[in-house]
Amino acid sequence: MNFTDELVQWYLQNKRDLPWRNTTDAYVIWLSEIILQQTRVEQGLPYFYRFVERYPNVSSFAAAGEDEVLKLWQGLGYYSRGRNMLKTAKLVQEQYHGKFPQRYDDLIKLKGIGEYTAAAISSFSANEAKAVVDGNVYRVLARYFGIDEPINSTGGKKTFQELANNLINKKTPGLHNQAMMEFGAMLCKPKNPACGICPVHMNCFAFINNATSILPIKLKTVKVRERFFNYFLVTDGDSVLMNKRGDKDIWANLYDLPMVETASLLPLPELMDNPTVKEIFGNDIRISVDNLPVQKHILTHQRLYIRLIKIQSKPIKLDSNWFYTTVENLRNLAFPKPIVILIKNIFNL
DNA sequence: AATTCGGGGTT
DNA sequence: AACCCAGAATT
């Protein structure tokens, strides 16, 4: 048996039973694929069940509001996925009369669907022979064929996509794609791959050359930015002052509290002397609580230091994105993870 | 071509 | 702390 046939045989005997593998409904497969972008299966599973139950078809999704979708998405990260899903659902409802497209060339034009996702949906729902290349496939191909071109370089992406296209089984592309990814996820893992039970290790470049720990090659780029978010709690116990975030920065269109960002973690007197803070609260600011610990929140490109200051005086100037709402209504708003924690600590919601 | 978009698990 | 995850969009 050749390389890919071996992987398919391995897959048929070792695959996990995942809900999106038991359907050819392009809409359901689309849901699963967007949720799983840069997200582990175990983390995405509960969200997948939540979304198929709430939105069983394109029409129900297209009728949703953005706040509602983001609330369902809360905690999963990369929130543009949720916003793009709503745009795509609305477009599919209009242009395709609610029937989700299955052809690669149609799918690739939709918001939130790139090369990987278009190949996944078209091959799984209609057996179109398009090869998926995700993080798993990069790793399997780099190791087996001994490719040392960086997987995150422009040339590298092209090399791996072409190789995957040449390898794909044109009779059963969906099965082939599932097998490549599952093999990478379960056996040919990033650390400590299970080469001892690998069906193709005797022909694997990385195994033969003891190079599984250096392949695939990835250029490191990440530079982490430190940011300091000073949140203000303004509440009378019944209503509370909230902020709707804009569409540029992290957590676009989600909700948090009024906040002033500073360049460093300032002592409280210095913070309250900040021009922006004075503009908001005036000169006689009454503070009731500032003994809450600073929350450190780690993201891929940012380290956030989050502090909460409880203010008793009323602000004299409100930003256009600020609004008062009832504590009860907080249940309906989508918050970033650290704000979920803040609100839980304050209101026990 | 490089940067940005989350949150969580593994090592 | 570094790396990765069924990547895509923006700069």
Side-chain angles (χ1 to χ4, degrees), chain A residues 11 15-16 18-21 29-48 70 73-85 87-88 107-121 123-124 131-140 150-158 160-161 164 174 177-186 188-193 213-214 216-225 227 245-254 295-304 334-341:
Chain A
Y11 173 73
K15 65 176 177 174
R16 292 168 289 183
L18 301 174
W20 45 83
R21 287 181 178 157
I29 293 168
W30 168 69
L31 280 181
S32 73
E33 290 299 340
I34 303 297
I35 287 171
L36 292 172
Q37 285 169 4
Q38 291 293 286
T39 303
R40 290 167 197 283
V41 166
E42 308 81 63
Q43 190 187 0
L45 255 177
Y47 287 85
F48 172 77
L70 288 175
W73 200 272
Q74 177 177 290
L76 196 55
Y78 286 166
Y79 296 91
S80 66
R81 290 182 289 171
R83 298 196 310 272
N84 284 334
M85 279 184 112
K87 290 179 194 165
T88 289
L107 292 162
I108 195 72
K109 296 172 184 164
L110 302 173
K111 281 287 184 198
I113 297 184
E115 276 186 76
Y116 162 79
T117 305
I121 299 173
S123 65
F124 300 153
V132 296
V133 182
D134 72 336
N136 296 307
V137 177
Y138 278 122
R139 186 168 55 253
V140 171
I151 61 172
N152 57 341
S153 68
T154 304
K157 288 177 192 166
K158 191 161 176 285
F160 283 93
Q161 183 68 59
N177 281 337
Q178 293 280 14
M180 298 287 290
M181 291 193 287
E182 187 79 339
F183 180 78
M186 305 296 289
C188 195
K189 296 179 293 184
K191 307 283 183 187
N192 304 322
S213 64
I214 63 167
I217 304 284
K218 191 171 185 178
L219 301 172
K220 57 183 71 179
T221 52
V222 203
K223 63 164 193 258
V224 179
R225 185 160 62 119
R227 301 177 72 180
R245 298 182 59 82
D247 54 6
K248 293 297 180 209
D249 205 351
I250 56 167
W251 306 326
N253 293 12
L254 271 65
Q295 252 195 77
K296 191 171 175 180
H297 188 72
I298 308 292
L299 302 176
T300 304
H301 293 89
Q302 303 184 22
R303 262 205 303 270
L304 304 179
F335 303 114
K337 196 66 178 180
I339 305 303
V340 170
I341 294 171

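Order of the sequence lines sets the chain letters (A, B, ...), proteins ahead of strands, with each chain counted from 1.
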> Who are the ring pair (Phe, Tyr, Trp, His ring centres under 6.0 Å) partners of A:Y138, not counting sequence neighbours?
Replying inline: A:F160

> Between the base of B:dG7 and the side chain of A:Q43, is there any donor-acceptor pair under 3.5 Å?
Replying inline: yes

> At under 4.0 Å between heavy atoms, what does A:R139 touch on the DNA or RNA strands: base, sugar-phosphate, or nothing?
Replying inline: sugar-phosphate

> Among pairs that include at least one residue of residues 36-48 of chain A, which meet salt bridge (charged side-chain N to carboxylate O under 4.0 Å, His left out), considering only residues two or more places apart or in two chains?
Replying inline: A:R16-A:E42

>> Expressed as a whole number of angstroms, how long is the span from A:K109:NZ to C:dA8:P?
In response: 17 Å

>> Output the rounded distance in Å from CG (A:L36) to P (C:dA8).
In response: 12 Å

>> Rounding to an integer number of Å, can you tell me how far A:M186 CE sits from C:dC5 C1'?
In response: 14 Å

> Looking at side-chain heavy atoms only, is the closest gap between A:F183 and A:Y11 below 4.5 Å?
Replying inline: no

> With A:K87, which residues qualify under salt bridge (Lys or Arg N to Asp or Glu O under 4.0 Å), at least two apart?
Replying inline: none

>> What is the separation between atom CG on A:N253 and atom C1' on B:dG6, rounded to the nearest whole Å?
In response: 15 Å

> In terms of the nearest nucleotide of DNA chain B, which residue is placed more toward the 5' end: A:W251 or A:K189?
Replying inline: A:W251

>> Distance check needed: C:dA2 P versus A:L299 CG, whole Å only.
In response: 16 Å

> Measuring from A:I35:CD1 to A:M85:CE, what's the distance to the nearest 0.5 Å?
Replying inline: 5.5 Å

> When the distance from CD1 of A:I217 to C1' of C:dC3 is rounded to whole Å, what number comes out?
Replying inline: 14 Å

> From C:dA8, C:dC4, B:dT11, pick the nucleotide closest to the side chain of A:N192?
Replying inline: B:dT11

> Looking for any heavy atom pair under 4.0 Å, which part of the strands does A:W20 touch: base, sugar-phosphate only, or nothing?
Replying inline: base

So which protein N/O to nucleotides 9-11 of chain C N/O distances come out below 3.5 Å?
{"from": "C:dA9", "atom 1": "OP1", "to": "A:G112", "atom 2": "N", "distance (Å)": "2.4"}

>> On DNA chain C, compare the nucleotides closest to A:Y78 and A:I298; which residue's is nearer the 5' end?
In response: A:I298

> C:dA2 P sits how many Å from A:H301 NE2, rounded?
Replying inline: 14 Å

> With a 4.0 Å cut-off on heavy atoms, is A:D249 in touch with a base, just the backbone sugar-phosphate, or nothing at all?
Replying inline: sugar-phosphate

>> I want to check one thing: is the phosphate of B:dG7, taken as OP1 and OP2, less than 4.0 Å away from some side-chain N or O of A:Y79?
In response: yes

> On a whole-Å scale, what distance lies between the P atoms belonging to B:dT11 and C:dA6?
Replying inline: 14 Å

> Using a cut-off of 4.0 Å on non-hydrogen atoms, how would the nucleic acid contact of A:K218 be classed: base, sugar-phosphate, or nothing?
Replying inline: sugar-phosphate

> Ignoring hydrogens and angles, are the base of C:dG7 and the side chain of A:T117 linked by a donor-acceptor pair under 3.5 Å?
Replying inline: no

>> Checking A:R245 now: which residues fulfil salt bridge (Lys or Arg N to Asp or Glu O under 4.0 Å) with it, not counting sequence neighbours?
In response: A:D249, A:D256

>> Heavy-atom nearest nucleotide on DNA chain B for A:Q38 versus A:K223: which residue maps closer to 5'?
In response: A:K223

> Between B:dT11, C:dG7, B:dC5, which nucleotide gets closest to the side-chain atoms of A:K191?
Replying inline: B:dT11

>> Between B:dG6 and A:T39, counting only base atoms on the nucleotide and side-chain atoms on the residue, is there a donor-acceptor pair under 3.5 Å?
In response: yes

>> Any side-chain N or O of A:K220 below 4.0 angstrom from OP1/OP2 of C:dC3?
In response: yes

> Checking only heavy atoms, does the side chain of A:R81 share a donor-acceptor pair with the base of B:dC5 at less than 3.5 Å?
Replying inline: no

> So, A:Q37 versus A:Y116: side-chain donor-acceptor pair below 3.5 Å or not?
Replying inline: no

> Which value, in whole Å, describes the distance between the P atoms of nucleotides C:dA8 and B:dG8?
Replying inline: 22 Å

>> Under 4.0 Å from OP1 or OP2 of B:dG7: is there any side-chain N or O of A:H297 that close?
In response: yes

> Which part of the nucleic acid, if any, lies within reach of A:Q178 when heavy atoms closer than 4.0 Å are counted: base, sugar-phosphate only, or nothing?
Replying inline: base

>> Over all strands shown, is A:G44 touching base, sugar-phosphate only, or nothing at heavy-atom distances under 4.0 angstrom?
In response: nothing

> Touch check for A:L18, heavy atoms < 4.0 angstrom, all strands: base, sugar-phosphate only, or nothing?
Replying inline: base

>> The side chain of A:Y116 is closest to which nucleotide in this list: C:dA6, B:dG7, C:dC4?
In response: C:dA6

>> What is the separation between atom CD1 on A:I250 and atom C1' on B:dT3, rounded to the nearest whole Å?
In response: 15 Å

> What residues, two or more places apart in sequence or in another chain, satisfy side chain to side chain donor-acceptor pair (under 3.5 Å) together with A:N136?
Replying inline: A:D134, A:R139

>> Tell me whether the rings of A:W73 and A:Y47 are parallel (<30°), tilted (30 to 60°) or perpendicular (>60°).
In response: tilted

